[in-house]
Amino acid sequence: MPLITVHVNGVETTKEVEPRTLLSTFIREELKLTGTHVGCDTSQCGACVVSIDGKTIKSCASFAWQFDGAKIQTIEGLANGTELHPMQEAFRTHHGLQCGFCTPGMVMTAVALVENNPDISENGIREGLEGNICRCTGYQNIIDAVKTGAKAMRG
Amino acid sequence: MDTTNITNGIGKSQERREDFRFLTGAGSYIDDMNLDGQAYATVLRSPEAHADVSSIDITEALALDGVLAIITGEDWKVAGYNPIPTKSAVRKAIDGSDLKEPPHHPLAIDRVRYVGQPVALVVAESIDVCKDAMELIDVDYDSLPSVSHQSEAIKDGAPQIWDIAPNNICLDFELGDQKAQKKAFSEADHIVTLNLVNNRVTAVPIEPRGALASYDAGTGKYTLWNASQNIHAGRDTIADAVLGIGKENLHHIAPDVGGGFGVKNGVYPEPILILHATKLLERPVKWFNDRSESFLSDTHGRDQVSTVQLALDKDGTFRGLRTETVGNLGAFCATVGPFTPTGGSSRTQGGPYRFDAIYYTAIAPFTNTCPLDPYRGAGRPEGSYQMDRIIDYAAAQLGMDPIELRRKNLIPTEDLPMKSPMGLDIDCGNFPEVFEQTIAMSDRDGYDARVQKSAAAGKKRGFGISMYLECTGGGPKEEAKVSFREDGKIDLSVGSSSTGMGHETAFAQILAGHLGLEIDDVVFRQADTEATAIGGGHGGSRGLEVGGSAVLQTSREIVEAGKKIAAHKFDVDADKVEFSEGHFHVPGSNHTMTMREAIDAQNDPDMLPDDMEPGALNISSVFERGIISIPNGGHAVEVEVDPETGTIKVDGYWVMDDFGTIINPMLADGQVMGGVAQGLGQALMENIVYDDGGQLVTGSLMDYAMPRADDMPRMVIGYYEDAPTAKNLLGVKGAGEAGCVGAPPAIVNAVCDALKDFGVHHIDMPLTPERVWRAIEDAKAS
Ligand code: FES
Ligand code: FES
């Protein structure tokens with residue numbers, strides 16, 4: 001079994017993984033970080049999005065062993081203790097979540113969208129969230145949250 | 001009922017208390033839970049739509065390292081459990097005979113009847129081992145002819161799915177006065193007929209279904225954590241009706257649930273199977289569907305083929321409505337299954353429009369497909385679609401204006417309260433005003449300019465409207481239990497369950513607001529058979545109406561009990577004491593006591609009157625709703641269609657809802673917007689398709705299209721709040737389902753308006769680019 005070392009939310013971990021273990025399974029079952037959700041098996045829903053070395057990926061669509069040495073950020077690594085990241089805060093203010101299942105992937109995607117394009121437009125946000133499905137909200141409050149989050153992140 | 005004197009806490013957009021946990025990844029959904037020593041289960045599902053199972057060979061699979069048990073239909077027969085019963089409220093056919101209820105066992109016994117039906121449960125040390133073992137199970141199927149579509153199923157000579165159901169018919173149904181309808185039709189100037197299909201869709205909550213079961217051999221008690229919306233009813237069915245273990249021996253709990261929309265309401269095979277397995281192995285067992293399995297095995301919704309006829313006079317006055325529909329139950333009667341196309345679709349026939357008479361008939365047949373059960377709206381979206389589509393279709397046929405036709409026929413306020421021709425108790429509302437407000441908010445002044453602009457770009461713009469009228473449902477009773485802890489925290493347990501609707505906030509808001517306490521002190525518990533004795537779960541937009549009313553009722557009883565404590569302290573009669581803004585006081589005196597002080601006093605016998613026991617403010621109360629409420633409203637839509645490609649852009653969306661009193665506008669908006677997205681999905685893209693051999697063609701998110709962020713328009717939502725209902729304590733009319741009731745007809749009306757110059761007046765949902773393009777080309781050709 002391959003042995004991998006990853007830095008997850010700033011903590012270094014070394015573990016053996018089976019070749020067929022998906023990154024999402026590794027994060028959830030081995031690292032016990034259950035905020036990363038799995039909503040599909042065809043990499044369509046985006047509930048599993050995490051950030052790797054600053055870029056978002058769908059963690060259900062890759063194997064864990066591919067990420068030896070990587071810096072991984074999951075939803076658990078976003079807030080600073082009880083102080084929410086501005087994007088999380090904006091989701092709360094705008095009621096950008098209902099059941100919360102899509103939320104970790106949505107927030108991780110939104111943060112990366114804004115980091116890459118701080119002045120992102122409403123259309124840009126809508127297109128940028130193409131890979132994340134939310135069944136509860138109708139997206140409008142998510143869009144508004146991302147706008148507010150972007151503003152707060154610009155400072 | 002007294003709907004005044006609801007103190008602060010109501011009407012505020014309070015931020016949600018559950019959000020911190022969800023936003024930081026700290027939610028606890030089923031798949032996040034694990035127990036020591038837990039085993040895993042997966043389900044081997046039928047690849048055949050209809051076949052005899054001649055043999056199942058599990059020898060090789062059982063020999064695999066790590067496999068703990070394999071349970072098949074044979075084992076189930078030996079165990080002697082009962083089938084899963086349907087709880088359909090409609091149980092008799094028109095001739096008075098009972099509905100045909102085939103035995104629905106959690107595992108196929110001898111024969112499979114739909115692709116995805118559970119054939120065996122595999123339990124092993126890990127999911128991977130389960131999956132490897134499933135590969136090694138050898139099932140021999142002898143294929144039988146199958147039937148996927150309801151219109152085929154009821155024909156003579158169609159493959160027969162159940163011996164007890166000739167022509168595959170479970171039951172037929174009628175409602176309304178046929179004689180009066182015929183009379184209205186014979187007197188009317190015009191009769192317009194429209195055949196339409198309400199497409200089969202599925203809820204796709206982003207969290208798939210799953211459950212975790214454990215068994216305590218010492219006490220004989222089971223615990224089931226289940227991604228379910230209906231914990232108490234589910235417990236009764238599973239423990240009493242199916243397994244026969246006694247409901248007191250099943251502790252049923254729903255942790256955080258990642259969306260439901262009706263699809264997590266019914267009783268499914270898998271949780272029952274793992275309860276059996278956990279006892280057998282004396283180990284906790286966890287099962288979790290993947291998305292492909294969810295498409296095969298989560299109940300589907302809608303799926304009606306209907307003929308609608310509208311009789312009207314030359315001046316546009318509606319006279320009669322006649323709807324004939326063929327629903328689809330799938331291969332079994334699901335928990336509510338037979339009710340949806342029958343009672344469920346019948347009650348709101350005619351919408352908010354005035355008719356002399358309405359007559360509704362339905363047939364509910366079996367097919368070799370996954371069972372159908374409620375999906376958000378459960379029958380009302382179908383009824384609303386039938387009504388508001390035939391209006392626009394009739395307007396097009398007769399050269400009338402669909403807006404004027406509606407304006408002319410809306411039930412005037414002076415007619416309320418009334419009983420609709422379908423027997424619905426419409427107590428209050430103002431349909432003409434809601435209609436005018438819907439139109440007023442939808443920027444009609446700028447419309448012509450936008451039409452020109454679209455035309456200049458080679459596009460067609462259209463406007464559509466629907467006026468929905470719906471009714472709530474679900475369990476009529478709810479318990480709300482409050483107890484005050486010494487540390488100041490307040491435990492609030494309610495039997496209804498939230499799968500994202502924000503009860504943790506809204507219910508706490510009602511309690512804390514009414515008592516004048518801090519919402520942050522409320523510790524909320526829901527969906528747990530040990531937290532409340534009864535519980536109606538979720539469904540029928542009942543959360544606030546019944547659950548919220550229960551919380552208010554308990555709050556009021558706490559205030560009444562508190563008055564006695566205050567009166568004892570002030571040494572006055574309790575009826576002299578008043579309560580407002582968190583204080584007990586006696587008018588004209590300077591006596592005052594806060595709710596907090598009364599709570600602190602409740603455990604001190606010296607502070608209590610003689611007839612009060614310590615803990616007298618810890619109160620549990622059951623609210624029972626008498627009559628269901630009638631949410632209603634208008635949806636207006638603007639679309640732009642590209643006739644070259646058939647693509648549709650929904651460009652404007654306006655909703656005016658009458659939900660009675662609005663408790664938390666932010667949460668109400670969320671319900672409406674999510675519902676509109678589901679309605680838009682059904683109208684434009686979602687479609688469950690089975691081929692003629694019974695194979696599911698749309699078995700993944702690659703094939704089943706769902707609205708994404710860039711498919712949705714910006715929605716503008718308003719509330720008509722001048723007609724609170726007296727049917728519950730809060731004056732609310734359930735908000736949960738309305739969005740997806742109003743959206744499909746409004747959207748299809750808008751598209752047909754855009755395409756009217758081509759002579760296109762109806763297209764069946766979903767209005768995919770291909771269907772739209774074909775409709776235009778066909779119209780051009782004819
Ligand atoms: S779980 Fe990864 S995209 Fe759905
Ligand atoms: S909040 Fe439920 S899926 Fe997005």
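- Interface remark: Gln671(B) contributes backbone and side-chain atoms alike to the contact with chain A (heavy atom separation under 4.5 Å).
- Comparing Leu129(A), Leu97(A), Asn123(A) by heavy-atom pairs within less than 4.5 Å of chain B, the highest count is held by Leu97(A).
- By number of non-hydrogen pairs under 4.5 angstrom with chain A, the leading residue of Asp669(B), Leu667(B), Leu680(B), Val676(B) is Leu667(B).
- Atoms SG and NZ, on Cys45(A) and Lys58(A) in that order, are 7.0 Å from each other to the nearest 0.5 Å.
- For Leu78(A), no part lies under 4.5 angstrom from a heavy atom of chain B.
- The choice from Glu122(A), Arg20(A), Glu76(A), Met106(A) that makes the most heavy-atom pairs within less than 4.5 Å of chain B is Arg20(A).
- Options Gly681(B), Ala203(B), Gly739(B), Gly260(B) differ in how many heavy-atom pairs under 4.5 Å they form with chain A, and the most are formed by Ala203(B).
- With chain B as the partner, the residue from Ala79(A), Gly39(A), Gly35(A) showing the most heavy-atom pairs under 4.5 Å is Gly39(A).
- Residue contact with chain A, scored on non-hydrogen atoms closer than 4.5 Å, is absent for Met501(B).
- Contact annotation for Ile143(A): only side-chain heavy atoms (C-beta onward) come within less than 4.5 Å of a heavy atom of chain B.
- Of the listed residues Cys40(A), Ala47(A), Gly131(A), Cys99(A), the one with more heavy-atom pairs under 4.5 angstrom with chain B than any other is Cys99(A).
- Although no hydrogens or angles enter the test, the distance criterion places a donor-acceptor pair under 3.5 Å between the side chain of His85(A) and the main chain of Met87(A).
- In terms of non-hydrogen atom pairs under 4.5 Å with chain B, the most contact-rich of Val38(A), Ile125(A), Thr137(A) is Thr137(A).
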Audit row: Arg92(A), Phe20(B), side chain to side chain contact (heavy atoms under 4.5 Å, CB included) steps and yes/no | CA-CA 8 Å; Arg92(A) 175 153 79 173; Phe20(B) 184 84; 4.0 Å; yes
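- Note: Asp128(B) leads Thr499(B), Ile127(B), Asp128(B) in heavy-atom pairs under 4.5 Å with chain A.
- Contact check on Glu135(B) versus Lys131(B) returns no salt bridge, with no Lys/Arg side-chain nitrogen under 4.0 Å from an Asp/Glu carboxylate oxygen.
- With salt bridges taken as basic N to acidic carboxylate O contacts below 4.0 Å, none links Glu504(B) and Arg17(B).
- A distance of 5.5 Å separates CG of Leu544(B) from CD1 of Ile663(B), quoted to the nearest 0.5 Å.
- Between Arg135(A) and Glu686(B) there is a salt bridge, with a side-chain nitrogen of the basic residue lying less than 4.0 Å from a carboxylate oxygen of the acidic one.
- Contact annotation for Thr36(A): neither backbone nor side-chain heavy atoms come within less than 4.5 Å of a heavy atom of chain B.
- Ranked by heavy-atom pairs shorter than 4.5 Å toward chain A, the options Gly502(B), Pro707(B), Ala677(B), Pro713(B) are led by Pro707(B).
- Ring geometry for His37(A) against Phe101(A) counts as parallel: the plane angle stays under 30°, on a 0 to 90° scale with 60° as the upper cut.
- Counting heavy-atom neighbours within 6.0 Å of Lys71(A) NZ, excluding the residue itself, gives a total of 12 or less.
- Thr103(A) OG1 to Ile75(A) CD1: the interatomic distance, rounded to the nearest 0.5 Å, is 8.0 Å.
- Ionic pairing of Arg28(A) and Asp32(B) is present here: one or more N-O contacts between side-chain nitrogen and carboxylate oxygen are shorter than 4.0 angstrom.
- Contacts with chain A were tallied for Asp19(B), Val672(B), Val204(B); Asp19(B) has the most, counting heavy-atom pairs under 4.5 Å.
- Ranked by heavy-atom pairs shorter than 4.5 Å toward chain A, the options Ala709(B), Gly258(B), Gly674(B), Pro208(B) are led by Ala709(B).
- Proximity to chain A (any heavy atom under 4.5 Å) is restricted, for Glu15(B), to the side chain, taken from C-beta onward.
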